[in-house]
Protein chains: 2
Amino acid sequence: MVEEKRSRKTGGDRVAVICTALRRAIIERALSPGDRLPEDSLGERFGVSRTIARSALGQLAAEGLVDLRRNRIAVVAVPSFEDARDIFDIRVDLERQVVRHLAGKLTDAQVKQLKAIVDAEHQARHGAEGISIRLATEFHVRLAEMTGKPVLIRYVTEICYRAGLSLAVFSRPHSSECAVNEHLELIEAIRTGPADKACALMDEHLEAVASRALLQSSGARSRDLMDILAPYTE
Amino acid sequence: MVEEKRSRKTGGDRVAVICTALRRAIIERALSPGDRLPEDSLGERFGVSRTIARSALGQLAAEGLVDLRRNRIAVVAVPSFEDARDIFDIRVDLERQVVRHLAGKLTDAQVKQLKAIVDAEHQARHGAEGISIRLATEFHVRLAEMTGKPVLIRYVTEICYRAGLSLAVFSRPHSSECAVNEHLELIEAIRTGPADKACALMDEHLEAVASRALLQSSGARSRDLMDILAPYTE
DNA sequence: CATGCATAAATTGTACACACTTTTCCTTGC
DNA sequence: GCAAGGAAAAGTGTGTACAATTTATGCATG
């Protein structure tokens, strides 16, 4: 660990550093829903006191990525099926607003930027699944950022991360394969098409992502104690 | 003060107490956008240490009600005009979801509960304007709560408070007078009508609230934090 | 009278200490 | 072998101290 020196100079928001790291770990599935996040370990890991770690956990709890119960160790949030459904419903509305604001107004630089992400998605499609999911999320977040509307950006970002976390609970492996092509089509629709057309495509895309994952809930609940014990019951 | 004994028994979330008090003070306009919120004074006012006050400010910042810049005193958030517009756009979408889920499904008890709020609004219509605004907000929040969907409730609540704060910046006095009747009509539409009809009425209502607002306000008075919070300290 | 500039006051950033709660695990009695 | 109980360990809740930074004050200077 050699980054000691910088910490004094910049003093830059260390809470934010932890939040960013954890968000990424969660979205990449390096951390799974239910995983414990003790303040001590977290602080030690990032070379800060418990005060900072605790503050970061508070922030992530406010974002719905962490569950925080009194006197109990913080854990990565475990969205219920209903939560997941609601998160996707809200996501559809928010991203429709994004598309509406962006339709026909993307600059060439923006298109290039988006295609770069899709490229990365394409390359990552046979690697670790976590990377694919992170990149897919990044695509949507970047799209939102292009609206330049801070409030909208904040909510879309938050809901996208929560959606990613929900998928970690309920989707089966390799369910996000075809998203790459859909992202390319989205770019085209937003660049050229009228708002309605682009919105419809976004709706379709998100509905596809959701239904690829959420509609078969029974299989996803394999972590449930009852299911695990079922074969041993008789 | 005499609230000593309870602190041992419940130990109940003191951060939440401060957050609730501040949210209410903000929505009732006892605190105005830009008002300073030093951690010391806040803690002293609520009989807790700076640790707790700071945590509360962090939470409110995450909700968009407080602006928190490094090494600077926290202030009540000052939404820009664009922020206000975006907040209302998102609010329309979210509340449309609420209405869609509730249309034709309100129980008698729920209708009664909502009418009680509208009654209170009616009674408060010639009193302090802050109370009217709080009750109007409460109406929408309660409506959201009736969906029983935690995620939706959280976002609607947050966005309603932010909308209320935005109105504090951009609306002129007495612009929310007629909201009482509109709320009554809303209850009826949601109770009896089909979802589309009720959604349309909600859209109309929110659009009316938003457009009644958009004008500059004056009011650059500076007051004492201690005095302002007195009624909220309990 | 305005303007820097130095210094003091106010305020935040962070670590840490200690009390309290929850969890773990070991012991004891049956 | 096992259920009950009770330390010990692990972990959170909160106050406080001190460093770092910003803001306010006052004084000298042009």
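By convention in this document, chain letters (A, B, ...) are assigned in the order of the sequence lines, proteins followed by strands, and residues within each chain are numbered from 1.
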Excluding sequence neighbours, so at least two apart, what forms ring-ring contact (aromatic ring centres under 6.0 Å, His included) with A:Phe46? none
How many whole angstroms separate atom [atom1] of [X] from atom [atom2] of [N]?
X	N	atom1	atom2	value
B:Arg54	C:dA15	CZ	C1'	12 Å
A:Ile18	C:dA15	CD1	C1'	13 Å
B:Ile73	D:dA20	CD1	P	20 Å
A:Arg69	C:dT21	CZ	P	17 Å
B:Glu39	D:dT21	CD	P	16 Å
B:Leu37	C:dT12	CG	C1'	14 Å
A:Asp40	C:dA17	CG	C1'	13 Å

What distance do A:Glu63 atom CD and A:Arg162 atom CZ have between them, rounded to the nearest 0.5 Å? 9.5 Å
NE2 on A:His183 to CG on A:Asp119, rounded to 0.5 Å: 13.5 Å
Where the side chain of B:Pro38 is concerned, which of D:dG11, D:dG13, C:dT12 is the nearest nucleotide? C:dT12
Just to verify, which of B:Asp86, B:Ile159, B:Val156 counts as forming a side-chain contact (heavy atoms from CB on, under 4.5 Å) with B:Arg91? B:Ile159
[X]: partners by side-chain contact (heavy atoms from CB on, under 4.5 Å), with sequence neighbours left out:
X	result
A:Gln113	A:Arg142, A:Met146
A:Ala30	A:Ala25
A:Arg29	A:Glu129, A:Ile133, A:Leu167, A:Ala168, A:Ser171

Does a side-chain heavy-atom distance below 4.5 Å link A:Val66 with A:Val75? no
Kindly indicate whether the side chain of A:Leu165, heavy atoms from C-beta on, has any atom under 4.5 Å from the side chain of A:Pro79. yes
So which protein nitrogen or oxygen atoms get under 3.5 Å of nucleotides 15-18 of chain D's nitrogens or oxygens?
residue	atom	partner	partner atom	Å
D:dG15	OP1	B:Arg14	NH2	3.3
D:dG15	OP2	B:Ser49	N	3.0
D:dG15	OP2	B:Ser49	OG	2.4
D:dG15	N7	B:Thr51	OG1	2.9
D:dT16	O4	B:Thr51	OG1	3.4

Atom pairs under 3.5 Å: protein N/O with N/O of nucleotides 22-25 of chain C:
residue	atom	partner	partner atom	Å
C:dT23	OP1	A:Arg72	NE	3.1

